[in-house]
Protein chains: 2
Amino acid sequence: MGTVGKAISLLELFTLDQPELGLSDLARRSGFDKATTRRLLVALTGHGFVEQDTATRLYRLGAGLSRLARIREARFPFVQTAVPLVRDLAVATAETVHLSEFGLDRLVTVHVEHPARANRVNVDIGQLLPLHSTASGLVYLAFARDEAVNSCLGGSLEAFTTHTLTEPAAIAHCMAEARERGYSICDQGLEEGVISVAAAILAADGFALGTIAVAAPKARTTPADIAQRGLAAVAAAREISMRLNGDNLQALRRQA
Amino acid sequence: MGTVGKAISLLELFTLDQPELGLSDLARRSGFDKATTRRLLVALTGHGFVEQDTATRLYRLGAGLSRLARIREARFPFVQTAVPLVRDLAVATAETVHLSEFGLDRLVTVHVEHPARANRVNVDIGQLLPLHSTASGLVYLAFARDEAVNSCLGGSLEAFTTHTLTEPAAIAHCMAEARERGYSICDQGLEEGVISVAAAILAADGFALGTIAVAAPKARTTPADIAQRGLAAVAAAREISMRLNGDNLQALRRQA
DNA sequence: GGACGTGGTTCATTATTTGAACCGTTATTT
DNA sequence: AAATAACGGTTCAAATAATGAACCACGTCC
């Protein structure tokens, strides 16, 4: 791995649960030498990608990241555009709704709305979702370029639960259904007891760029709930797609 | 400069005005060799920090940045907390209001609200503000740690206009006034014809972590406007500080 | 056709990164 | 209170990774 890759993987050790880490901790988790880790942290700090708490000497993600992310968001206001509709969907379904954007070979969770009830599915911002074992991933694949689909189905398909689909044919079938319905269903593919539906958000070229998903405890979910949530998710996704693409109807051709 | 520094300075070439850049362009602007530039871009792309448009082959900032920025924001919801108050202040003043966060040796503009009128001051998200020549910078210094102040006043103080204060004594005086009033005034320190006021947003330790500022064309600004905007900015900054620190009154001691 | 500007690649040379061992400090443990 | 361990941070010869001039292949404008 190159040096920049190491630096970035250092950044990726910071999570919602572990937002502040010490030098030794970072070295341990990354597997890099302490000296190396420190040199990378100094370089990152020098550009505002990490900050160090002067009192505790712990490191955390820096303001430079916010700056660049905001430049990106200003040009391509995905989250900004989608958040109100995510919120509406969360209110309408009274379940956890999360918004994801495709990046690299996974979906990145960029926004979450949790319902105000104790028993709910918990999703963290920043969480990375595999494509084959989540509702979001399946509907993404359903509306993705062939290359992306092949790349995913060609790779190793980890089974997270006994329900996870790992056969390319089964996944393709699931995708076809999602394409027809407009939304995907994933029954405990990533975690036991959780059932999710998701719809694709499309770019101007008609391919998926992200997803909006509703995740709920399976115990209290009826088939009717699934259908209702699915349609609501599709409506939200369509509205987000339209707002992003300036009502470019051509873009929605594939979803129609 | 180390390799990671080069990679990051490549990222910093992307701005609001130039959100997509080609390989040769990036090499030219950065001063790195084309091969080097490309290798860095590949490394960054591999971690989702930049994306390449498959059609145009242009590079742009990637989703990985949004992910990390959101992890940071989730732990420390500065922008999220402040935006409503920035908006209110923009409506109340009918002028441009911008929110900045300290990073490295400068203030980073992380949010802007422009008034709905033709003649207005324009501020871009991601813009970097020097400390000695902006209202935001001066009020930041007024509520900053001594080390930060010394580091700023000890460095070179560029004169952007004929009005820019470059004498450490003059700047210190301006800071003292700001500390007393609660807000700073900067009269054409960065650009001719623009007058700004700013108030500091304080962290739990009582030191500034960011600012909120109102910028307006000097031609239509009276002393009464200044005073009114200043007090409104202070009120907004205090409210943001309180919401961030959970009504920790101790934190506001220095501003009282 | 030819001159230029793209994006992208190669490989010997060169400069940077690496990591075991080190220091000083700060908790914990005995 | 002494001993131990863990922490953040530093050093420098050895190993490794980054570098860049020259190189394609492609498109485009005279």
Side-chain angles (χ1 to χ4, degrees), chain A residues 1-15 17-62 64 75 104-105 145 147-148 151 205, chain B residues 1-15 17-62 64 75 104-105 145 147-148 151 205:
Chain A
M1 193 188 333
T3 317
V4 308
K6 292 183 189 175
I8 295 177
S9 56
L10 222 47
L11 291 175
E12 294 179 336
L13 294 175
F14 296 93
T15 63
D17 296 328
Q18 303 280 339
E20 292 194 312
L21 299 166
L23 173 58
S24 299
D25 209 0
L26 284 164
R28 226 175 296 114
R29 289 167 194 254
S30 64
F32 308 145
D33 186 87
K34 206 170 42 161
T36 301
T37 306
R38 174 135 212 292
R39 223 167 15 79
L40 294 173
L41 286 170
V42 168
L44 290 167
T45 307
H47 283 81
F49 273 34
V50 302
E51 297 166 349
Q52 185 175 28
D53 191 305
T54 48
T56 64
R57 294 198 151 172
L58 261 42
Y59 296 89
R60 57 166 177 264
L61 296 175
R75 204 195 67 86
L104 277 182
D105 59 341
R145 287 191 169 74
E147 316 134 41
S151 155
D205 59 10
Chain B
M1 194 189 330
T3 316
V4 308
K6 291 183 190 175
I8 295 177
S9 54
L10 223 46
L11 292 175
E12 293 179 337
L13 294 175
F14 296 92
T15 63
D17 297 327
Q18 303 280 340
E20 291 194 314
L21 299 166
L23 172 59
S24 300
D25 209 359
L26 283 163
R28 225 176 295 113
R29 289 167 194 252
S30 64
F32 308 145
D33 186 88
K34 205 170 44 161
T36 302
T37 305
R38 174 140 212 294
R39 225 165 14 78
L40 294 172
L41 286 170
V42 168
L44 290 167
T45 307
H47 287 261
F49 273 34
V50 301
E51 297 165 350
Q52 186 175 26
D53 191 304
T54 47
T56 64
R57 294 200 153 170
L58 261 41
Y59 296 89
R60 58 167 176 264
L61 296 175
R75 204 197 67 86
L104 278 183
D105 59 342
R145 288 192 168 74
E147 317 135 41
S151 154
D205 59 10

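Just so we're clear, the structure is a prediction, and the values are computed from it rather than from any experiment.
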Considering heavy-atom distances to DNA chain D, does B/Ala35 or A/Gln52 have its closest nucleotide positioned more toward the 5' end? A/Gln52
With side chains defined as the heavy atoms from C-beta onward, is the minimum distance between A/Ile8 and A/Phe49 less than 4.5 Å? no
What's the shortest heavy-atom distance between B/Ser30 and B/Ala27, and which atoms? OG-O, 3.2 Å
Length of the line joining A/Leu26:CG and D/dA6:P, which is rounded to integer Å: 18 Å
Have a look at A/Arg60 and tell me which of A/Gln18, A/Glu51, A/Gln52 forms a side chain to side chain donor-acceptor pair (under 3.5 Å) with it. A/Glu51
For nucleotides 12-19 of chain D, which of its nitrogen or oxygen atoms have a protein nitrogen or oxygen under 3.5 Å away, and what is each distance?
{"residue": "D/dA18", "atom": "OP1", "partner": "A/Thr3", "partner atom": "N", "Å": "3.0"}
{"residue": "D/dA18", "atom": "OP1", "partner": "A/Thr3", "partner atom": "OG1", "Å": "3.3"}
{"residue": "D/dT19", "atom": "OP1", "partner": "B/Lys6", "partner atom": "NZ", "Å": "2.5"}
{"residue": "D/dT19", "atom": "OP2", "partner": "B/Arg39", "partner atom": "NH2", "Å": "2.6"}

Any side-chain heavy-atom pair from A/Tyr59 and A/Leu10 closer than 4.5 angstrom? no
Nearest non-hydrogen partners of B/Thr54 and A/Arg145, listed with the distance: OG1-NH2, 4.4 Å
Where along nucleotides 23-30 of chain D does protein come under 4.0 Å, by heavy atom, of base (B) or sugar-phosphate alone (S), with - for untouched nucleotides? --------
Closest heavy-atom pair and its distance - B/Val4, A/Ala43: CG2-CB, 2.8 Å
Side-chain N or O of A/Tyr59 versus OP1/OP2 of D/dG9: is the shortest distance under 4.0 Å? yes
Could you tell me which non-hydrogen atom of A/Lys6 sits nearest to which non-hydrogen atom of A/Leu40, and how far apart they are? CB-CD1, 3.9 Å
Is the distance from OP1 or OP2 of D/dG9 to the nearest side-chain N or O of A/Arg38 less than 4.0 Å? yes
From the 5' end of DNA chain C to its 3' end, which nucleotides mark the outer limits of contact with chain A, defined by a 4.0 Å heavy-atom distance cut-off (strictly under)? C/dT17 to C/dA20
Where do B/Met1 and B/Ser9 come nearest, in terms of heavy atoms and distance? SD-OG, 4.2 Å
Which heavy-atom pair separates B/Val50 from B/Leu41 by the least distance, and what is that distance? CG2-O, 3.7 Å
So do A/Ser151 and A/Asp105 actually touch side chain to side chain, heavy atoms under 4.5 Å? no
